[in-house]
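Remember, it's 1-based here, ligands and their atoms both numbered in the order they're listed. Throughout, numbering of the chain's residues begins at 1 and tracks the sequence. Atoms considered below: every heavy atom in the structure, side chains included; atoms not considered: hydrogens, waters and symmetry mates.
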Amino acid sequence: MNYSIALIPGDGIGPEVIAPATGVLDTVGDRYGHVFNYIELEAGGCAIDSTGEPLPNETLETAKQCDALLLGAVGGTQWETLPGRLRPERALLGLRAGLGVFANLRPAKLLPQLRSACPIKDEVLLSGNREGKPEFDLLIVRELTGGLYFGKRGRNADGNAAFDTETYSWFEIERTLRVGYEAAEYRRKKLCLVDKANVLESSRLWREAAAVVAKDYPGIETSFLYIDNAAMQLIRNPGQFDVIVTSNLFGDILSDEASALTGSIGMLPSASLGSPHDPLAKNGRPMGMYEPIHGSAPDIAGKDIANPLGTILSAALMLRYSFGLEKEARAVEDAAAAALDAGLRTRDIASRGTAGVNENIVGTREMGEAVIKLLEQ
Ligand code: IPM
Ligand code: MG
């Protein structure tokens, strides 16, 4: 099959992590007989420099025509002083809203190979309920096109007061919850709704919706946590979680925290999915946007030291969710794990920043090449 992929390398380390990911996809194509056509588009800081706006209309319109979108990262210090609507991050928000990708899946799993890069002590991890296994494996389902990120915001007349609003409709909540419940069906059948229902009215609506939606999934155990407690529980006992469903802002925060537990933010992929019923769906599959959860990391850009695995694993999620290529997705995930088994580490996932026993510190390119070679075997 032929697939068209909108490719937005973006800023900072974006282009460096996208290159190994397309190399991996091309190898998958050769091995399994698929053709991936990339349509490279500009968004973020580089688009501001060349067109004056973070998300040129052409980028969004072209992305809508493609089968999926793979994005590196956007942003950088040189654009930080621009007004809000002209900042690189606007491109992300515009893409998410424009493509209708309301459900952001952020799996966070502690790979046994990276146990020593996880900052939690063994005895704390072992206190979890994963049958004595130190690993945790959770999935954050973050609402992505509503809430505080998209609510009404502004300043008062003299500019010395500002507001942002959290608004959620039942419709937005319900469709996000359903993504969480569907995912839980294929996992350990537990779903935890994280909110601030002791204070926020919008959170109380989430709870009401969860009580109704839960009835359609009798095999799944539903629990509720306030965000402050959830942030603490995630460090005290990450093994207790299976699927976490939460709002846009809380999901943003919790997913960075979860990523640190996996050893490095450089490891985590994400998939942002729309509805299989909306007009942008392709062949009955929802529109999908795939990106590593790390940002543009301007401090390490251009040094060939960034971890490409978050982006490579995002490409694997694209194979799975947008193209239905489960076998190919697994092959990529297995090759990434095999590179770690072989002792390869980018700096961020090396034990305590220096190469541990049997560890070999490699750069971005070398890590990508190793994954490709393992895929070819
Ligand atoms: C993320 C990022 C973005 C977000 C920023 C860059 C706007 O932190 O994808 O988690 O807050 O959603
Ligand atoms: Mg974030």
Side-chain angles (χ1 to χ4, degrees), residues 8-14 17-18 43-48 53-55 59-60 63 69-108 138-151 153 164-166 168 172 176 194 227 230-231 234 244-262 264-274 288-301 306-307 310-311 313-314 317-318 348:
I8 302 185
D11 309 315
I13 59 171
V17 293
I18 282 288
C46 56
I48 296 173
E53 43 185 334
L55 181 60
T59 296
L60 179 59
L69 163 64
L70 183 64
L71 183 142
V74 298
T77 42
Q78 64 269 53
W79 303 288
E80 261 167 21
T81 51
L82 290 169
R85 69 192 164 74
L86 285 178
R87 290 183 54 144
E89 289 79 3
R90 290 299 306 177
L92 278 184
L93 303 194
L95 283 165
R96 290 169 180 174
L99 298 176
V101 289
F102 65 87
N104 182 218
L105 274 49
R106 299 190 161 186
L138 59 92
L139 173 70
I140 297 177
V141 177
R142 167 189 178 193
E143 197 292 325
L144 202 61
T145 54
L148 263 185
Y149 277 60
F150 290 91
R153 71 180 96 250
D164 298 272
T165 43
E166 174 97 335
Y168 270 115
E172 290 174 295
T176 308
V194 171
I227 177 66
L234 204 50
I244 292 176
V245 178
T246 191
S247 65
N248 206 338
L249 182 70
F250 295 161
D252 177 47
I253 299 167
L254 282 188
S255 59
D256 268 30
E257 184 184 349
S259 78
L261 302 182
T262 68
S264 166
I265 194 168
M267 289 299 299
L268 283 215
S270 83
S272 305
L273 304 176
M289 169 171 167
Y290 301 84
E291 47 175 326
I293 83 151
H294 62 67
S296 58
D299 52 322
I300 60 163
N307 186 344
T311 314
L313 294 172
S314 299
L317 294 182
M318 178 169 76
D348 55 312

Glu89 (side chain) donor-acceptor with Leu92 (main chain) under 3.5 angstrom: no
Under 3.5 Å donor-acceptor, Asp348 side chain and Ser264 backbone: no
Among Leu249, Leu234, Leu138, the one residue meeting side chain to side chain contact (heavy atoms under 4.5 Å, CB included) with Leu254: Leu234
Residue and atom name of the nearest protein heavy atom (relative to atom 1 (C) of ligand 1), distance in Å to one decimal: Arg106 NH2, 3.4 Å
Protein contact to atom 11 (O) of ligand 1 [nearest heavy atom, distance to 0.1 Å]: Tyr149 OH, 2.5 Å
Residue-level breakdown please: for [X] versus ligand 1, do any non-hydrogen atoms fall below 4.0 Å on the side chain, on the backbone, on both, or on neither?
| X | value |
| --- | --- |
| His294 | neither |
| Arg90 | neither |
| Leu92 | side chain |

Row check, Tyr290 ring normal vs Arg106 NZ/CZ: under 6.0 Å, within 45°: no
Closest Asp252 atom to the Mg ion (ligand 2) [N, O or S only]: OD1
Shortest heavy-atom approach to atom 12 (O) of ligand 1 - which of Glu291, Glu89, Arg96: Arg96
For the student: nearest non-hydrogen atoms of Asn307 and Val17, plus distance: O-CG1, 3.7 Å
Enumerated ligand 1 atoms positioned under 4.0 Å from heavy atoms of Arg142: 1 (C), 4 (C), 9 (O), 10 (O), 11 (O), 12 (O)
Asp252 neighbourhood, listing ligand 1 atoms whose heavy-atom distance to it stays under 4.0 Å: 1 (C), 2 (C), 4 (C), 8 (O), 10 (O), 11 (O)
Ligand 1 contacted by Arg87 (non-hydrogen, < 4.0 Å): no
Polar contact flag, side-chain donor to acceptor under 3.5 angstrom, Asp11-Ser296: no
Heavy-atom side-chain contact between Asn248 and Arg142 under 4.5 Å: yes
